[in-house]
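Written below as structure tokens is the structure these notes are about.
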Amino acid sequence: MGAADVLVPHLSLLFQSGELSMHRYRSHKCGELRATDIGSEVRLSGWCHRIRDHGGVLFIDLRDHYGLTQMVADPDSPAFKVAETLRSEWVVRVDGKVRSRPEGTENPELPTGAVEVYVSEIEVLGRAAELPLPVFGDADYPEDIRLRYRFLDLRREHLHNNIIKRGLIIDSLRRRMKEQGFFEFQTPILTASSPEGARDYLVPSRLHPGKFYALPQAPQQFKQLIMVSGFDRYFQIAPCFRDEDARADRSPGEFYQLDLEMSFVTQDDVFDAVEPVIRGVFEEFGDGKKVTPKFPRIPYGEAIGKYGTDKPDLRNPIEMQDVSDIFRGSGFKIFARILESNAKGAVWAIPAPKGGSRAFCDRMNSWAQGEGQPGLGYIFFALDNGATVGRGPVANNLGAERTEKLRAQLGLADGDAVFFVAGDPQAFYKFAGAARSKIGEELDLIDKDRFDLCWIVDFPMYEWNEEEKKIDFSHNPFSMPNLPADEFLALDSDDRDRILALKAIQYDIVCNGVELSSGAIRNHRPDVMKKAFAIAGYDESVLEQKFGGMLHALSLGAPPHGGIAPGIDRIVMLLCGEDNLREVVLFPMNQRAEDLMMGAPSEATAKQLRELHIRVVTSGPG
RNA sequence: GGGGGCGUAGCUCAGUUGGUUAGAGCGUCGGCCUGUCACGCCGAAGGUCGCGGGUUCGAGUCCCGUCGCUCCCGCCA
């Protein structure tokens, strides 16, 4: 005990005197009080979460960010009169004494449920008018109201927790990145328009009439320049802006990526760096759901063939197979004719384990018709006199022998079914993938308690643009072709088959059918870059004009480098178990890219427009 | 830009074949209530049936248009 202690009265005496020492708003947080605090005088501030007025005794659940504490007032309390006037969501400061709840009235659901605060004084800090959206409870409300009153929605437990979780996930990503030697950078928000990819958001320049900045679609060129600048390992929680239409898993306008780039690396090095980070956050925040221990690598072509998509949900065990050989020349004329008449024609089988009933098969068939397809052929297998036989029109026409061969190839048994799609795979693979998903859902084959992650690799470098009859980049033009440089440089630009078969060193991470990120080993050689653009029909002047800065940088000593950019919003969405990004974004825009709360976008004043050398033209009819 | 779904009280929803004064629950407001925690009981207010037009003796209901929200296609690392 020091001498000073003698001069200081006991704390509880100080509190009782109602002055000095007590903080203006609170001595404790609302989630803090426990049985060990019984007897102490406390001050809490928060929102009136729920009020239960029994006439003679009044309960107020006081809420702040940290939790709930039950306040009690009765007619003996000087604060009783004020307490009776309180309404939901008023913000108050409450003084009182912590006491234990009477025997049998404890609330085990609440961390503070053993105690309550007997109110001695109430100060109203902020009144609330009638609420357009209740904070108490978890009833569904229309999205436009939720968005307009986002701050109320954010007070609710569900969204509040999602946003906290988002912050924790980002903390964890940052920590994991730094632990691996990545260094965080900030790149410009006002930058130059990048001619490929999505539509840009443009910002008019005041100083340069008729010129515009663009918001970055991603810091792609900057991160490559950071590598050229010799920094070796870059990362950033990067805002990205794209003026494209929204989807449930695609925010309009803006979103965040864990953007990263590394020098002197191969694809394996990138995978080795990124996989533990992604797996780590899924394990840390996945509520115990199983996470893929080692992400399988699935070539793009294999993914299309087995799953009908380059973002497969691997929780769905169904794998499709090409069964063209079984149908070629068979009695099932529709398919036989397709195979005969079209060199690219194929028949794919989609097994449906335990889907072997006519009712289910007919239901799938109607579903397919609803999807604009002629139908969905099927065979279902049943026991007949101890033998497993195929049923349905396809089986009847195909014949027992071929049906049995099919059954054996697909490993099906009685009680199972198989569906068929036929035609040019390029045209039907998306539908086949949709059917695979539908079958998986309908038959409840998808284990919801898993995060199944994988790498999709070997994306095609180019694709055929049927409309313009030319070769296009299939993804971004900065990827390195997966071919030794001298072989690539020697390619004949007219050798379409060889060029369309080229792979890029490009990869995606996919989780439960959601594309989480995509990346590549970059093309760091100007000569290869020029050739790559030439193949896509861009001559050197275009390249110079659009990517001149980048090209120069690559010509002045650029290290081989590569990276990837996992989408933060989507990771958080999966980890929060949400199927809509708006549930994990603090202040999201609606599907039409409007901020209903802030009123964005909005008109500019005449003065602003004049300064920006902009005239607004409203388009007339047509 | 295109297609689907939805739109009835602040919210969730019911509303029969087109037929009298459009209902319920929750919320709000008022009253009662001393142990609740989805408190309870009684009562009240609250409606341009999204909007506009049409058909009809009569429209929440049928038709056309339009607006809003949402999901999808197109688009999109």
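In this text, all values refer to a predicted model and were calculated from it rather than measured experimentally. Lettering follows sequence order; numbering is per chain, from 1.
Taking atom P on both B:U16 and B:G3, the two are 29 Å apart, rounded to the nearest angstrom. With both ends at atom C1', the span from B:U17 to B:U28 equals 38 Å, rounded to whole Å. For the C1' atoms, the distance from B:G43 to B:G7 is 32 Å, rounded to whole Å. Atom C1' of B:G15 sits at a distance of 37 Å from the matching atom of B:U36, rounded to the whole Å. Comparing the P positions of B:C62 and B:G68 gives a spacing of 23 Å, expressed to the nearest Å.
Nearest to the side-chain atoms of A:Arg247 among the listed nucleotides B:U36, B:U28, B:C72 stands B:C72. For A:Pro102, the listed nucleotide lying nearest its side chain is B:G35; candidates were B:G74, B:G35, B:C76. When the nucleotides B:C39, B:U70, B:C75 are ranked by their closest atom to the side chain of A:Gln591, B:U70 comes out on top. Distance from the side chain of A:Gln70 is smallest for B:U36 among the nucleotides B:U36, B:C39, B:G74. Of the candidates B:C71, B:G27, B:C29, the closest approach to any side-chain atom of A:Arg87 belongs to B:C29. For A:Lys430, the listed nucleotide lying nearest its side chain is B:G74; candidates were B:G35, B:C76, B:G74. When the nucleotides B:G35, B:A38, B:C76 are ranked by their closest atom to the side chain of A:Glu244, B:C76 comes out on top.
Proximity of the aromatic rings of A:Phe431 and A:Trp367 is defined here by a centroid distance below 6.0 angstrom, and this criterion is met. With ring centers used as reference points, A:Phe547 lies under 6.0 Å from A:Phe478. Two rings, from A:Tyr507 and A:Phe271, have their centers less than 6.0 Å apart. Two rings, from A:Tyr201 and A:Phe241, have their centers 6.0 Å or more apart.
In this structure, A:Arg592 reaches the B:G68 phosphate: one of its side-chain N or O atoms is under 4.0 Å from OP1 or OP2. In terms of phosphate contacts, A:Arg52 brings a side-chain nitrogen or oxygen within less than 4.0 Å of OP1 or OP2 of B:C39. Here A:Arg582 reaches the OP1 or OP2 of B:C71: one of its side-chain N or O atoms lies under 4.0 Å away. An OP1 or OP2 oxygen of B:G35 is reached within less than 4.0 angstrom by no side-chain nitrogen or oxygen of A:Arg101. Residue A:Asn590 has a polar side-chain atom (N or O) positioned under 4.0 Å from OP1 or OP2 of B:C69. OP1 or OP2 of B:C71 lies within a sub-4.0 Å distance of a side-chain N or O belonging to A:Asn580. Phosphate contact (OP1/OP2 of B:U70, side-chain N/O of A:Arg146, threshold under 4.0 Å): absent.
Judged by atom type and distance alone, A:Arg242 does not reach the base of B:C76 through any side-chain donor-acceptor pair under 3.5 Å. Under 3.5 Å, the side chain of A:Arg199 and the base of B:G1 form no donor-acceptor pair of N or O atoms. One donor-acceptor pair, N or O on each side, does fall under 3.5 Å between the base of B:G74 and the side chain of A:Asp245.
Ring geometry for A:Phe59 versus A:His54: interplanar angle over 60°, hence perpendicular rather than tilted (30 to 60°).
Here A:Arg242 does not pair with A:Glu254 in a salt bridge; the nearest charged N to carboxylate O distance is not below 4.0 Å. Between A:Asp268 and A:Arg297 there is a salt bridge, since at least one side-chain N of the basic residue sits less than 4.0 Å from a carboxylate O of the acidic one. A salt bridge does not link A:Arg63 to A:Asp61: none of the charged nitrogens lies less than 4.0 Å from a carboxylate oxygen. Between A:Glu261 and A:Arg522 there is a salt bridge, since a side-chain N of the basic residue sits under 4.0 Å from a carboxylate O of the acidic one.
For A:Glu594 and A:Ala218, each mapped to the nucleotide of RNA chain B holding its nearest heavy atom, the one lying further toward the 5' end belongs to A:Glu594. Of the two residues near RNA chain B, A:Phe59 and A:Ile145, the one whose nearest nucleotide lies more 5' is A:Ile145.
Among the protein residues, A:Arg63 comes within range of no part of the nucleic acid, since none of its heavy atoms lies under 4.0 Å from any strand.
Stacking between A:His54 and the base of B:U36 is absent under the criterion of ring centres within 5.5 Å and planes under 30 degrees.
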Legend entry - Pairing pattern in dot-bracket form [Watson-Crick, G-U; both distances under 3.5 Å; | = partner strand] for RNA chain B: (((((((..((((.....[...)))).(((((.......))))).....(((((..]....))))))))))))....
